[in-house]
Structure formats: C-alpha cells, structure tokens
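In what follows, every heavy atom counts, from backbone to side chain, and hydrogens, waters and symmetry copies are set aside.
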Amino acid sequence: MSMPQIFAFSVIVLMMGAFVWGRWRYDLVAVGALLASVAVGIVAPEDAFSGLSDDIVVIVGSALVVSAAVARSGVMEVAVRRFAPNLGSPRVQLIVLVLTVTLLSAFIKNIGALAIMMPIAFQMARKSGVSPSLFLMPMSFGSLLGGLMTQIGTSPNVIVSRVREELTGTPFHMFDFTPVGATLAVVGVIFLALCYRLLPERAPATSSMEQAIVIKNYTTEVRVPAESPSIGETVGAIQRLGGGQAMITGIIAANGKRRLPLPDSIVHAGELLIVEGEPEALDRIVSQGKLAFSERRDQAASTREVGVVEAVVGDNSSLVGRSAKELALFDTEGLNLLAVSRRQKRLTERLGDIRFKTGDVLVLQGDLDTLPERLREWDCLPLVERNLTIGTIRNGLIPVLILILAMGSTALGLVSVPIAFFAAAVAMVVTRTVPLRDVYNHIDAPILVMLAALIPVSDSLRTTGATDLIANWLSGTAAGLPAYGALALILVVAMAVTPFLNNAATVLVMAPIAATFAADLGYQPEAFLMAVAIGAGSDFLTPIGHQCNTLVMGPGGYRFGDYWRLGLPLSLIVIIVSVPMLLLVWAL
C-alpha cells in the first residue's frame, strides 16, 4: 500500500469518525477533510473546488428551490384535503407518504418524486403536530427502494444495463429489475411503517428563530367574491380549511348587519368574514376558499418587489390610537394591512376600524425597499423574517406543471437531470412562484458546502488507486466463496463504497469486477450485475451517498449519525432479501 493510499484511507476514516461523533457541524468537518486532503497531497490544489460544479450539488440545490415552490403554491394542501382528508394518525400518514414516493420513484427519478412529496409531508406534519423528521427520512429511503424497481428509477440501473450490453450484447430491459426490486420495496415499506420510531425526533435546523416567535391570534377580514366556491358552504366547512388553527369570529352582510358565525351558518356572496388564527391557517382559508382580503388593493405594476412583513407597534409609535382607515395606508403609503394580532385579546371589529395599541403585531404588504423606512418613521419594530405566505400571489398549478415538464424531459432523455432541475428552479423564479428574495433562503448552504467539499475527498480513493486495492482484495476473497456468499459480498461492498464514490461511480467501478467474478466462478453475470445495482442504489447509512438523503437532511434537522439508526436494519433486510431473490430470479 502506497503512502497516498494510506493517507486517502486515513482521511476518510477520520472524517467518518468526526461525522458520527457530532461534535462539529457536518459542513465544517467536510471542509476540514478537504483541507487535510490538499495538505497531504491526495487532492491536487487545482481540484480542491471541483465539487462546486458537480452535478450532485446542482441537483440538490435546484431540488430545494423546486420543492419550496411547490409547497408555496398551495397545490399540495388542496391535494391532501381532497384525496386524504382523514389521515389523522402519523403512522397512517407515513405509510401513505412512503408508499406514494416509492411508487413514483419507479417511473420518475427518485429525487424528483421526493421533491414532489416533501411539501405534502410538511403539510401533514403541521396537521398532526409532529416534526417533519418523522416523515422525511423514511420517504427518502422509500424513494431509493422505489428506484430499484425499474430501469429508469435510478442511475445505477441505467449504467448496469449498459454494462450488461457491453458484456453480452443484450441490455437489461425496463422491468427486468421489477421482481427483485418490487420485493425489496414491499419489505422495506413494511419495515419503515413498523420501525420509524427508531428515528429521534428532530426540529428543522432552519426553523428555530421562527419557532421562537409564537403568534396565534392574528385577525383578518376577507370578502366572499361572487366566484368563490365558499358560497353556500357552512362556517364549519370553511374553518376546516384552516386545519383547526383558525375560526370565523364574525360575519358582516352586504348591508352592514352582523350575524353570529354559527358552525352551520351558510356563507353568502359579498359578505365579510372576520377570521382569527395562525398565519398559515389564515392563508389556507383565503387561498383554498378563494376569498379576498377586504383591505388589500393590488399593487401597481412595476419592478418593485412586493412582500409581507410583521411589525410590532412601539411605545412611541405615531400609529397608536389610530386606525388603518384613518391613516389611509394604501393611498398614502401604498401599504395593505392584512392582519392584526393583539396579545390575549380577540378582535371582532372590522380590520380597517381597529385602533392600534402598543404591542400590536401588524402584517403589512408593500414595497420591500421602502417598508423598513416607513416602520422606522412609525417607531415599529420588524419581527424576524418568517417566510409568511399570507397575502402572497399564488400561481396555482404552474409549479407542478414545471416539475412535470422537467421530469418528463429527463424520462424521454431530452435533457440531463441537473439541467432539468436547474431549468425548473429558474422557471419557478421567473414565474414568481418563489420570490427572488426568498430563493437563497431555501437553498441550504451548509448541505451544499458539505457536498462540494466531500466530492474531491471521496474521489481521492480513485485517484490514489485505493479502489484498485479494494477490487484486488475482493477478487481474492470471493474466489473461495459459494455463489450466495460471492453475491452477498458484491452487494455489501457496493453498498459500503457508494457513500464515497456516489452511486453511478460505484457501478462503473464494481460492475466489471462483478462480471469478472461471475466468469471466474463459471456463473452468468446477470445476478452479480443486479447485486451491484441494488447495493449502489441502497445507501441508507449516510446523508452523502445519494442526493435524496442529502435533500432531507436540512429540512428534517437530521444529524449525520441519525441515518444508521433506521438505515442499518434496513440495509440488513435488503441484503437478506436480495441474495435469495437474485438466485431465484436469475439463473447462475
């Protein structure tokens, strides 16, 4: 073993130890490993930052923006309410989510299936009052299992099909992977449904400041337009759109008369509804019920960036004792008052008539360039930015159509996955599905830094010849094993190597080795090639072996060491089930 190979193995082992220890954040560990690799000479200085342009970094960053855009559109909330309205138990919700993403992953790229389903997972988590971490890692694992079922589900299947064609003249076909892959998917989903509690409950790493601000009793006023589907609905039905987090506290008829908002009261066109609740619940009632903020007027078309902010009325504010109607906020300042919250006080008067008091929290919509100056003039303190969607413009099905177009383009081979996702993310910004100012809030920088640093470090195994050592050792060991032992060894090694080479590189390195094994032992190569594809597509132990695991790390608040808790037993199940199934399906 040469000195560079010793250095490569040492850096990898120390890095993994630091990841598991968890004393330092994962991006700092990865950057430290990169600097150490450059210092000992196993990564050339000119290659140190090659990871920044790697396809995986582009895919993960773009997928985070695409997923946020789909979530912001509200389409998934409507889908949950329509197709799964009574999924009250977190276990039932998890089964539905994992099953859906597993089936989708068989026919579209698994990271695309995961990006589609993540907003639904957040919606269900909010509804059940649980952490999204309960759902996201099982969904990621389900997407990996689903990708094993067809040729197009994941990159290793495509590559191993090409290798078989080079060896035998016949590639694997679309559903050659299905007998073994479907069996693994069924067994894996059952395991995830029964054992998801092995995961610790984590809070998303990016939400701590938002969670520190708990404001539940915002009051707003909405009008029932003539085209609203809420016409003829009961008060109770409209309140259910808010998931129990909002209630209608008053109804004002077109003639100005008030009536009690009883649960069975029917809502009529032109009426005003006084609604109280959490911002997200108010937003769902307004967007899904097709209601209109009565105090909001459309901003003039311009290049200005319009957004929503929360602000607290200060002790010496000039707003104290005055109402929005008196101030003529829109006419004089171009601002819309969307909601007001007053601590331990239920507001029942019309929104424009509420006289502001010290400590009131206002939700204002207007030009983000001028709003801070106005708030300083009024002695109002802006709250920490919380990504409020209340009052934002929705583009309905546009983000879903963009995502479907991107996935369809990759399935037909028109463009590569990185180009498709990057184009989809740009389209989300161009169509204003995601405001430009929010794009970089959704891109999880620590995750991308970790990936960019790890790619050249992992590649040092190949450049120093360490992978050749592994291959030679593997050849010598497998030669003395029975068929099932050699098959299991190939599967386990492919599974172990994947976090460091990425799944596509693992197949390129391992597939020729597997074919050589088969020839030396006098066996057909198909079962061994399938074992390589399954091992390369089944990284359940780390967040770095597959972009699906990386994608859920930040939103789920997971630590590096969380993955093995659920992933180790699942990996053992995959090995135990795969070997006999491969021997059964593919004759040696």
Side-chain angles (χ1 to χ4, degrees), residues 95-114 116-117 138-165 167-193 407-408 410-413 417 483-484 487-488 490-491 494-495 498 503-504 506-507 510-511 514-515 518 523-540 546 548 570-571 573-588:
I95 292 172
V96 170
L97 289 168
V98 174
L99 268 176
T100 304
V101 78
T102 301
L103 291 173
L104 284 175
S105 297
F107 301 101
I108 62 177
K109 290 292 184 183
N110 42 24
I111 191 169
L114 185 60
I116 292 172
M117 295 302 296
M139 288 170 62
S140 176
F141 290 174
S143 71
L144 298 185
L145 292 168
L148 301 177
M149 290 196 287
T150 64
Q151 184 184 17
I152 64 172
T154 188
S155 299
N157 291 1
V158 177
I159 297 172
V160 85
S161 177
R162 189 181 67 198
V163 172
R164 188 204 186 196
E165 183 178 19
L167 292 173
T168 67
T170 304
F172 287 118
H173 297 103
M174 179 73 168
F175 296 105
D176 285 345
F177 300 84
T178 304
V180 180
T183 303
L184 289 173
V186 170
V187 174
V189 169
I190 292 173
F191 165 78
L192 293 171
M407 297 312 302
T410 60
L412 296 174
V417 175
Y484 65 86
L487 204 58
I490 287 289
L491 177 63
M495 196 178 284
T498 294
N503 51 18
T506 296
V507 175
M510 293 294 299
Y523 297 132
Q524 297 296 319
E526 285 78 9
F528 291 87
L529 292 176
M530 283 285 184
V532 171
I534 292 170
S538 302
D539 176 35
F540 305 118
H546 197 282
C548 287
L570 181 56
S571 297
I573 289 172
V574 168
I575 296 168
I576 292 170
V577 174
S578 294
V579 173
M581 282 299 299
L582 287 170
L583 292 173
L584 178 65
V585 174
W586 297 99
L588 296 179

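Between atom OG of residue S538 and atom CG of residue L570 there is a gap of 8.0 Å, rounded to the nearest 0.5 Å. Atom CG of L104 sits about 10.5 Å away from atom CG of L114, to the nearest 0.5 Å. For the atom pair CG of L529 and CD1 of I490, the computed distance is 9.5 Å after rounding to the nearest 0.5 Å. Of the inter-residue distances, the one linking I575 atom CD1 with I534 atom CD1 reads 11.0 Å to the nearest 0.5 angstrom. To the nearest 0.5 Å, the span separating CG on N157 from CZ on F177 amounts to 4.5 Å.
Only one option out of V101, V98, V96 pairs with M117 in a side chain to side chain contact (heavy atoms under 4.5 Å, CB included); it is V101.
Taking both residues in full, the closest heavy atoms of C548 and L144 are given as CB-CD2, 4.2 Å, listed atom of the first, atom of the second, then distance. G535 and L491 make their closest contact through N-CD1, 3.3 Å (heavy atoms, listed as atom of the first residue, atom of the second, distance). Closest approach of A494 to A536, counting heavy atoms only: CB-N, 4.1 Å. Across every non-hydrogen atom of S140 and S143, the tightest pair is O-OG, 2.6 Å.
Looking only at distances, a side-chain donor or acceptor of T150 sits under 3.5 Å from a matching main-chain atom of A106. When atom types are taken as modelled, the side chain of T170 and the backbone of E165 share no donor-acceptor pair closer than 3.5 angstrom.
Under the 6.0 Å cut-off for aromatic ring centres, F172 and W586 qualify, their centroids lying closer than that.
Put simply, the side chain of L192 does not reach to within 4.5 Å of the side chain of M139, judged on heavy atoms. Put simply, the side chain of L145 does not reach to within 4.5 Å of the side chain of F191, judged on heavy atoms. The closest side-chain heavy-atom distance from D176 to M530 is below 4.5 Å. V180 has its side chain out of reach of L584: every pair of non-hydrogen atoms, C-beta onward, lies at least 4.5 Å apart. The shortest side-chain heavy-atom distance between T102 and M149 falls under the 4.5 Å cut-off. Inter-residue side-chain proximity for S571 and M495 is flagged as met; some heavy-atom pair is nearer than 4.5 Å.
Between F528 and Y523, the angle of the ring planes stays under 30°, which puts this pair in the parallel group of the 30/60° scheme.
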